[in-house]
Colleague: 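Structure incoming, see below.
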Amino acid sequence: MKFFILILWISFLINIHCQFITLNGAWRGTINICHKKELFRGCNNNINFSATVPGGIYTDLYRNNIIENNLFGRNDVNNRWVGNQSVVYTKNFNVNSDFLKARKIVLIFYGIDTFSNISLNGHMIGQTSNMFLRYIFDVTDYIKEDQNLLQVAFRSAVKVAEDLYDEQRKNYIVPPVCVPKEYNGQCHVNHIRKMQASFSWDWGPAFPSVGIWRNVELVSVNDLLINDVTTDIRREKDIWNILVTIFLETTQSKKENLSTISCHVASILHVSQNELISNTSEIILDTSEKYININISLTVPADAVENWWPNGYGKQHLYHLTTTVTTANGVLHKRIRVGFRTVELVEELLEKGLSFYFRVNDVPIFAKGSNFIPASVLPELGSKEDTIRHLLLSAKETHMNMLRIWGGGVYESKLFYDLADEYGIMLWQDFMFACAMYPTNDSFLKNVEQEILQNVIRLKNHPSIVLWAGNNENEAALYGNWYGTGSARIYREDYVKLYVNLLKREVERLDPVRPFLVSSPGNGAYEETYNYTGVNPYSNLYGDVHYYNYIRNGWDITQYPRTRFCSEYGFQSWPSIYTIATAVENAKDLHVDSDFVKHRQHLPFGNQYMRLLISHNFVIPQNNDSVRDFASYIYLSQINQAVSIRIQTEAYRQAKSEVNSIGEGMTMGALYWQLNDVWQAPSWSSIDIEGRWKMLHYYAKDFFAPIIVTPHLSISNELSIYIVSDRLYTLTNCTVEIRVYNWKSMTPVFAKSFNDIIIESNKAMRITSFWLDEFLVQVGCGSLESAKRSCIAALFLTDKSGSLIAPVNYIYPDVLKNADIPVANVTMEIEENHSLPGKLSNYPDFKFVLSTDNITLFVWLEMSNIRGRFSENGFHMFERKKEIIFHAHEGTTIELLRSNIRLATLSDIYNARSNFDDDYSVLEKQKIYINCT
Ligand code: BMA
């Protein structure tokens, strides 16, 4: 044991095998600005700018004042010329003679976006064509002592995509030929291996970036370079078997004639401070091979380590594993982090169809969460630590246990996966193919093959990743003829070639432990029986489903599919008016029909759909006061989204343990579309681009709670009450209480309890059913005609000690636009610092005490300029007083809170009492306060 510790020390102290120099930081860039709108004519102007690596052209030009803020106004279109240009990035750097003593010097680009020629001191060293690849170039022959000049010359991705499309069409067209006109986007992104959403999406602008978006390093190598270390961890009875694979690159020096290298390899698992589990091996490497993989096995008694659990099921234990490779010339080491958990995608035969759920450490898990799109439309800004931490913590705090990394974005940063490991967020990892057909010519497939290889190897150590999935909606597109592929065989053949013959086969070879799914939505394992295309992939009896309906009322629970797993569903809303204010040119843009509003809505007919969906439930106010009406509209859009997704998610959770007469149900996953945003625009997100939680995100905390009590109102008005538990233990002596309120009084007109309920572990159970209309009449809500609009009901679930064990839930017997919503006067006091012991953030908490004189719905608190979140928001008040905590995410004072807080209630909106009246000046100031990029 001591020997290994010694080796470890040596490796840290004298890492004589490899040294590295970072080439991050300041670079120079050159771009031709003739295409800038105002300079278009008679211009021949290459200009230099200071650049940053990691970085990208849009960020660099903005920082150099060559273009305006990318996310402001119509700058997505105004700045588009940038994406059509060739750009050259250069870096001068020095190396000393010591560094050059090594046998070999390699230059590593961890991410280049996308098409570049790279030269060092005037010598071409390589080309790039895939932003998802790490490129390693041997520069031994071109690097010199002292001054060096590295140059990366980019071609416009827009132009390359166009060229590749032109080339391809000579044979046949690979559609879609372009995105819908509402996107203001670029065409042919499916021909290039670049973030697909960077040419625009229905929630995002086009920024066809170029740049060096990840780190750059120069590394000196003697005998060997460890490119990667991976683990396959399998459980066998009481033992975890770890197969460590070390991916080595040899130096193959031309000058020397070394055909073999002897090395000592050790892998050490750090079980605790005093306990290591290790294995070693003596190996002779044949250096005529450039790439050599070596394996070493570790056997870990199951009781020596703790399991890694998804959020809500236990802790996320993680362990370090260090691998050292020692040769006569020194020691190389690499440290990775691993977790011990099993994961299965269970697709067992049911009476009809197959099940579809994740079983982790033998526990069936209902997957609760959302879909993750890139944190920024500019790849270089998509891994900012505070943004990623905020998004993933927001997922964890709302009981999410899964995020789907959607296939139109990027394979995320190490930080992202590390945090997901730490927070217990299981990841459904798509490969980056979305909403399109893709080419299958040789060079495309070769490129993709590298992409699979590198990314599976880079990511497979993360216990958070529980599934690889081939593409987003491409099978659905083919089946539904979204892009005019019709019945042409070629597209089906291409589909199988890319996702089955290449992706599936390769991923299963590289990671034999994790499950692989060809497409989402899809019919899971059933697809193999019909070779993956030609059958409706939206079956409720197999696999996963995406469900969207923008016509029917989202509050109508009867419309939702009883699927095995709903991996996408959603409704749009607008972000906070304070977030929008960071993008508008003047207050005129803050109008429901402004050009700005039209410009930012990419979903064809999106604004009409949203209006229709809101108007199912609410009267949309029109006071001829544009800002106030817009603020009210935003507020209603957020309520409508939050309640619709609450009801839909609860429908999926209710169906967890039962099937209907045609075998549909046993739903085991609900991932709503979408967690985050890339700009200030209407979208499906629950967190906006400024990090503000929309009402939906507050609601997620309730509808994803481990135990919920939830109503189901059938078409014939039968009300069923369910309890759904994800807990792995049984609770006895529980009580559900239903309280019915007449709108006019805060004292219930009726209350009834269902006692002695046993809540079974990991189950959904129906507690009771009755006819709602008759019930309301009986309990005193009035006649059969008026009862539904006169009353509202609340559900409480308590344990035997009388404590609430689920969030309070509500039954809206009628659409709220028909209800007799009363006028309520809500006041608010902010109390002294209310930080509780043990809180994680360094910033203070504040207590807000709200009082009302009447029932009031959807009480919405909003901070204009202070970052933070409330303990609850968008809530109903059936009591005179309510206390809410504000968790600040920055230093602040009560005075600042008072001047920044805004309160909205449904009663205020209906009674035209919005307090946005005096806010024009506040909204104007927002522009200065927030830096959009
Ligand atoms: C889904 C996604 C995205 C899209 C979303 C909303 O189908 O896969 O492509 O943004 O719907 O339309």
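Computed from a prediction, not measured in an experiment: that's the story for all the values here.
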Colleague: If you measure only the distance, is there a donor-acceptor pair under 3.5 Å linking the side chains of Thr892 and Tyr843?
Modeller: no

Colleague: Cation-pi between Arg653 and Tyr722: NZ/CZ under 6.0 Å from ring centre and within 45° of the ring axis?
Modeller: no

Colleague: Could you pull out the closest heavy-atom pair between Gln674 and Ser683, with the gap in Å?
Modeller: NE2-OG, 3.8 Å

Colleague: Among side-chain atoms of Ser686 and Tyr672, is any donor-acceptor pair under 3.5 angstrom?
Modeller: yes

Colleague: Less than 4.5 Å apart, side chain to side chain, heavy atoms only: is that true for Leu906 and Leu636?
Modeller: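 Sidechains of Leu636 and Leu906: in contact.
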
Colleague: How about Phe858 and His876: are their ring centres within less than 6.0 Å of each other?
Modeller: yes

Colleague: Applying salt bridge (charged side-chain N to carboxylate O under 4.0 Å, His left out), name anything that partners Lys396, two or more places apart in sequence or on another chain.
Modeller: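 For Lys396, no residue satisfies salt bridge (charged side-chain N to carboxylate O under 4.0 Å, His left out) once neighbours in sequence are set aside.
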
Colleague: Scan residues 745-784 for pairs that pass disulfide bond (SG atoms under 2.5 Å apart), counting only residues two or more places apart or in two chains.
Modeller: Cys781-Cys791

Colleague: Quick one: closest heavy-atom pair of Ala764 and Gln654, and the distance?
Modeller: CB-O, 3.5 Å

Colleague: Is the closest side-chain heavy-atom distance between Met877 and Thr905 below 4.5 Å?
Modeller: no

Colleague: Could you walk me through whether Ser720 and Ser769 satisfy the side-chain hydrogen bond (donor to acceptor under 3.5 Å, both in side chains) test, starting with their C-alpha distance in whole Å, then the side-chain angles of each, then the deciding distance to 0.1 Å, before giving a yes or no?
Modeller: CA-CA 4 Å; Ser720 302; Ser769 296; 2.9 Å; yes

Colleague: Within the supplied structure, the quantity of interest is the number of heavy atoms (other residues, nucleotides, ligands) at a distance under 6.0 Å from Ile758 CD1; does it exceed 12?
Modeller: no

Colleague: Ignoring hydrogens, what is the shortest heavy-atom contact between Ser725 and Ile707? Give both atom names and the distance.
Modeller: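 Residues Ser725 and Ile707, closest heavy atoms: OG-CG1, 3.9 Å.
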
Colleague: Going by side chain to side chain contact (heavy atoms under 4.5 Å, CB included), name the residues that satisfy it together with Asn755, two or more places apart in sequence or in a different chain.
Modeller: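 Partners of Asn755 under the side chain to side chain contact (heavy atoms under 4.5 Å, CB included) test: Thr735, Ser753.
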
Colleague: Looking at Asp677, Ile645, Leu603, which one forms a side chain to side chain contact (heavy atoms under 4.5 Å, CB included) with Trp684?
Modeller: Leu603

Colleague: Under the salt bridge (charged side-chain N to carboxylate O under 4.0 Å, His left out) definition, can you give me all pairs with a residue in residues 759-768, not counting sequence neighbours?
Modeller: Glu760-Lys763

Colleague: Within the side chain of Glu890, is there an N or O that forms a donor-acceptor pair under 3.5 Å with the backbone of Arg867?
Modeller: yes

Colleague: Tell me, please, which residues at least two apart from Glu658 pass salt bridge (charged side-chain N to carboxylate O under 4.0 Å, His left out).
Modeller: Arg562

Colleague: Let me know which of Ile901, Leu897, Thr893 forms a side chain to side chain contact (heavy atoms under 4.5 Å, CB included) with Ile866.
Modeller: Leu897

Colleague: Could you pull out the closest heavy-atom pair between Ala824 and Thr852, with the gap in Å?
Modeller: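 Closest heavy-atom pair between Ala824 and Thr852: CB-OG1, 3.7 Å.
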
Colleague: How would you list, by chain and number, every residue that makes a side chain to side chain contact (heavy atoms under 4.5 Å, CB included) with Ser790, sequence neighbours excluded?
Modeller: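 Per chain and number, Ser790 pairs via side chain to side chain contact (heavy atoms under 4.5 Å, CB included) with Ser786, Asp820.
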
Colleague: Quiz question: by atom type and distance under 3.5 Å, do the side chains of Ser576 and Glu862 form a donor-acceptor pair?
Modeller: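 Note: Ser576 and Glu862 side chains meet the donor-acceptor criterion.
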
Colleague: Under the criterion side-chain contact (heavy atoms from CB on, under 4.5 Å), I'd like the reasoning laid out for Asn854 against Val823: C-alpha separation, chi angles, the key distance, then a yes or no.
Modeller: CA-CA 7 Å; Asn854 229 331; Val823 175; 5.7 Å; no

Colleague: Step through the shown structure and confirm whether more than 12 heavy atoms of other residues, nucleotides or ligands are within 6.0 Å of OH on Tyr548.
Modeller: yes

Colleague: The criterion is side-chain hydrogen bond (donor to acceptor under 3.5 Å, both in side chains); which residues satisfy it with Asn762, sequence neighbours excluded?
Modeller: Lys656

Colleague: Sequence neighbours excluded, which residues qualify as side-chain hydrogen bond (donor to acceptor under 3.5 Å, both in side chains) partners of Lys368?
Modeller: Asp726

Colleague: Given 3.5 Å as the limit, does a donor-acceptor pair link the side chain of Asn825 with the main chain of Asp853, or not?
Modeller: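 Between the backbone of Asp853 and the side chain of Asn825 there is no qualifying donor-acceptor contact (under 3.5 Å).
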
Colleague: Has Glu879 got more than 12 heavy atoms of other residues, nucleotides or ligands less than 6.0 Å from its CD?
Modeller: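 Counting neighbours around CD of Glu879, more than 12 heavy atoms of other residues, nucleotides or ligands fall under 6.0 Å, so yes.
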
Colleague: What closest approach, in Å, do Val740 and Phe775 show between heavy atoms, and which atom pair accounts for it?
Modeller: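 So the two residues come closest at CG2-CE2, 3.7 Å.
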
Colleague: For Lys882, what residues pass the side-chain hydrogen bond (donor to acceptor under 3.5 Å, both in side chains) criterion, not counting sequence neighbours?
Modeller: Glu872

Colleague: Given 3.5 Å as the limit, does a donor-acceptor pair link the side chain of Asn900 with the main chain of Asn865, or not?
Modeller: yes

Colleague: Can you check whether Gly874's main-chain N or O pairs, donor with acceptor, with Tyr699's side chain at less than 3.5 Å?
Modeller: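 It does hold such a pair.
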
Colleague: Could you tell me if the side chain of Leu696 sits less than 4.5 Å from the side chain of Ser573, heavy atoms only?
Modeller: no

Colleague: Can any side-chain N or O of Asn809 pair as donor or acceptor with the backbone N or O of Leu795 at less than 3.5 Å?
Modeller: no

Colleague: Between Tyr633 (side chain only) and His591 (backbone N and O only), is there a donor and an acceptor less than 3.5 Å apart?
Modeller: no

Colleague: Between Gln559 and Asn553, is there a donor-acceptor pair closer than 3.5 Å when you use the side chain of the first and the backbone of the second?
Modeller: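 Checking the backbone N and O of Asn553 against the side chain of Gln559, a donor-acceptor pair under 3.5 Å is found.
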
Colleague: Could you tell me whether a side-chain N or O of Arg692 sits under 3.5 Å from a main-chain N or O of Ser864, the two making a donor and an acceptor?
Modeller: yes

Colleague: Can you find a heavy atom in the side chain of Pro711 that is under 4.5 Å from one in the side chain of Tyr810?
Modeller: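 A side-chain contact is absent here, since even the closest heavy-atom pair is not under 4.5 Å.
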
Colleague: Pairing donors with acceptors under 3.5 angstrom, does anything connect the side chains of Thr798 and Glu737?
Modeller: no

Colleague: Check whether the ring centres of Tyr569 and Tyr560 lie less than 6.0 Å apart, and answer yes or no.
Modeller: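 No, the ring of Tyr569 stays outside the 6.0 Å limit from the ring of Tyr560, centre to centre.
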
Colleague: Does Gln641 reach the side chain of Met695, with side-chain heavy atoms less than 4.5 Å apart?
Modeller: no

Colleague: Describe, in one word, how the ring planes of Tyr609 and Phe605 are oriented to each other, choosing from parallel (under 30°), tilted (30 to 60°) and perpendicular (over 60°).
Modeller: perpendicular

Colleague: Give a yes or no on whether the ring-centroid distance for Phe618 and Trp555 is below 6.0 angstrom.
Modeller: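 Close enough - the centres of the two rings lie under 6.0 Å apart.
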
Colleague: Any pair with a residue in residues 723-746 that passes ring-ring contact (aromatic ring centres under 6.0 Å, His included), sequence neighbours left out, goes on the list, sorted by first then second residue, please.
Modeller: Tyr741-Phe878

Colleague: Mind checking what makes side-chain hydrogen bond (donor to acceptor under 3.5 Å, both in side chains) contact with Glu664, not counting sequence neighbours?
Modeller: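 By the side-chain hydrogen bond (donor to acceptor under 3.5 Å, both in side chains) rule, Glu664 matches Asn540, Asn660.
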
Colleague: Report yes or no: do Gln608 and Tyr550 form a side-chain donor-acceptor pair below 3.5 Å?
Modeller: no

Colleague: With respect to Leu403, which candidate in Leu391, Leu671, Leu392 satisfies the side chain to side chain contact (heavy atoms under 4.5 Å, CB included) definition?
Modeller: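 Exactly one candidate clears the test, Leu392.
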
Colleague: Measure across Ile738 and Ile811 and return the closest heavy-atom pair with its distance rounded to 0.1 Å.
Modeller: CD1-CD1, 4.0 Å

Colleague: With no hydrogens and no angle check, do the side chains of Asn676 and Ser685 hold a donor and an acceptor under 3.5 Å apart?
Modeller: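 Side-chain D/A pair, Asn676 to Ser685: absent.
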
Colleague: Output all residues satisfying side chain to side chain contact (heavy atoms under 4.5 Å, CB included) with Val597, sequence neighbours left out; order by chain, then residue number.
Modeller: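 So Val597 forms a side chain to side chain contact (heavy atoms under 4.5 Å, CB included) with Trp574, Ser594, Asn607, Phe630.
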
